[in-house]
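Report on the following structure.
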Amino acid sequence: MPEMNAFPAYRGRMEYFCLGCGARYGTEELHYTCPNCGGVFLLRDAGFDTLRERSGEEWRTVFDTRAGAKSDALRGIFRFYELMAPVMDEADIVYLGEGNTPIISSSNRLSAQLGGQRMAFKNDGQNPSASFKDRGMACAFSFLNHLIRTRNLDEILAVCASTGDTSAAAALYASYADGRIKSAVILPQGKVTPQQLAQPLGSGAVVLEVPGVFDDCMKVVEHLADNYQVALLNSKNAWRILGQESYAFEVAQWYDWDLAGKAIFVPIGNAGNITAIMSGFLKMFELGIITALPRVFGVQSHHADPVYRYYAAQPQEREWHPVTVEPSVAQAAMIGNPVSFPRVRHFAERYEAIAGPGSFQVVQVTEQAIIEGMLLANRHGHISCTQGGECLAGLIRARELRLIDAEETAVLDATAHMLKFIGFQDMYFENTFPQSYGITPDPARSNRPELVIEAAEKERLAPAEYTVACAQSVVERLGLKAR
Ligand SMILES: *Cc1c(COP(=O)(O)O)cnc(C)c1O
Ligand SMILES: [Zn+2]
């Protein structure tokens, strides 16, 4: 079926739908929040029902055939074009290698430590800027290209406030984009790690610093969005949510569209990612592409757990309260007032209506469990960041609470590459955590480099003797046997 690799002909009718007041808006304008009530939007395809003209079986064949596509527009997240943002033309689509990240089954050794648990990590740190944020950014920038072309704009200024991965992704895509997209990132001065600052600087972004914390930056960019012509790329931006749905589509495709007996673990920060993942599974279910919804477990740290607290209450007693966060090693999820919470509530309701109670849950884990979850994963062949460690901690917690058994396959979202958050590993190994994290490193889990010989010896010994002395020290340390 070679025609299946051609760019799709289907075009949807996308509209913004406000979760606050129900208002709808066309997508010719770039909306950030609802002009009527300030609520968050979902983007919907008003033509979605016409997609039912193909059976689930036919859709599976379309996507499986497209998996071999050689065109840039179809080899990333837009393999699932009709399910995401089907308004763009092939030329609008940006591809920098995002999506299609590997799912790596855990080794028997790791699985055995969790009572024989079936489990795998999906390495979203293998996206181009080393986090899942690239999925949403590829979609948002493709839409900006679409707007520029269809509206004949001569310039769009794209701005985001972020402490890390969002700005790295935005700066990367901006550096590749049409010259008519100008971009800037706004960061809290002195509150970003060297790696997080290095990425937008290296991409050549205009990096503006605001004295204060992330929330101060957010207020600045929202003021800009209210009063100036600027596209905000923060996670309220509904186009980013659409791109992030690709995670769900890829999980389904990898497991041959059979998601019975699967449990998907996702860290919750601003809650955009878990929203997108639930939305993606629901869309596939509605079209018969999958016939069972996987269970979804959100995971939050006890230092930033407003969504956990909400769902921990009995349904009739649930009340939404933002929390004040405390320092977290899952820094990318350290958010007390997640902007996408209304989206989570919306999709969780729909999810439970179909898959029943227990199909969506949120578990809470300690900071100690998060960092040790990351160390455990990475000692067994994974490349997980602290948020991926949070997922593993969430799985361990779910086992303790008997919410999941060993036969169910847990798919853990390693949302970024381990190297992005490596400062926390250093703090654990060097025992330098500030008290506020509430983490006590276990010396048995620490790993430090060992010097084989004092530097002064190098001065004292002749070169050949020095080599032998170093080697001798290595022999003793490793207990090597002579040949
Ligand atoms: C943004 C981010 C999160 C949190 O995702 P939300 O969509 O804000 O819930 C988790 N991990 C990493 C690495 C991130 O960059
Ligand atoms: Zn509204």
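Worth knowing before you read on, the calculation uses all heavy atoms, side chains too, and leaves out hydrogens, waters and symmetry mates. Please read these numbers as outputs of a predicted model, since none were measured by experiment. Numbering of ligands and ligand atoms starts at 1, following listing order.
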Close-contact set for ligand 1 against Asp165 heavy atoms, below 4.0 Å: 12 (C), 13 (C), 14 (C), 15 (O)
Phe265/Phe297 aromatic ring centres below 6.0 Å: yes
Heavy-atom nearest neighbour in the protein, as seen from atom 12 (C) of ligand 1, with distance rounded to 0.1 Å: Thr415 OG1, 3.3 Å
Side chains of Phe141 and Trp239 in contact at under 4.5 Å (non-hydrogen atoms): no
Identity and distance of the protein heavy atom lying nearest atom 14 (C) of ligand 1: Lys133 NZ, 2.8 Å
Salt bridge flag under 4.0 Å for residues Glu372 and Arg379: no
Under 4.0 Å to a heavy atom of Asn270 - the qualifying atoms of ligand 1, by number: 6 (P), 8 (O), 9 (O)
Close-contact set for ligand 1 against Gly272 heavy atoms, below 4.0 Å: 6 (P), 7 (O), 9 (O)
Step-by-step ring-ring contact (aromatic ring centres under 6.0 Å, His included) determination, Tyr16 to Tyr25: CA-CA 5 Å; Tyr16 293 98; Tyr25 301 86; 7.4 Å; no
Identity and separation of the nearest protein heavy atom to atom 5 (O) of ligand 1: Phe132 CZ, 3.4 Å
Closest protein heavy atom to atom 7 (O) of ligand 1, given as residue, atom name and distance to 0.1 Å: Asn273 N, 2.8 Å
The Zn ion (ligand 2): angle it makes with SG (Cys18) and SG (Cys37), nearest 10 degrees: 100°
Protein contact of atom 4 (C) of ligand 1 - nearest heavy atom, named by residue and atom, plus distance: Ala332 O, 3.6 Å
Charged N-O contact under 4.0 Å between Glu15 and Arg44: no
Over 12 non-hydrogen atoms of neighbours within 6.0 angstrom of CD in Gln435: no
Cys21 SG and Cys34 SG subtending at the Zn ion (ligand 2) (10° steps): 110°
Presence of salt bridge, Asp45 and Arg13, under 4.0 angstrom: no
Interfacing atoms of ligand 1 (cut-off 4.0 Å, heavy-atom, Ala416): 13 (C)
Ligand 1 versus Gln244: contacting region, heavy-atom distance under 4.0 Å: neither
Atom pair CG/CD of Asn447 and Glu430 - distance to nearest 0.5 Å: 11.5 Å
Test: Arg399 and Glu408 ion pair at under 4.0 Å: no
Proximity flag Ala271 to ligand 1, non-hydrogen atoms under 4.0 Å: yes
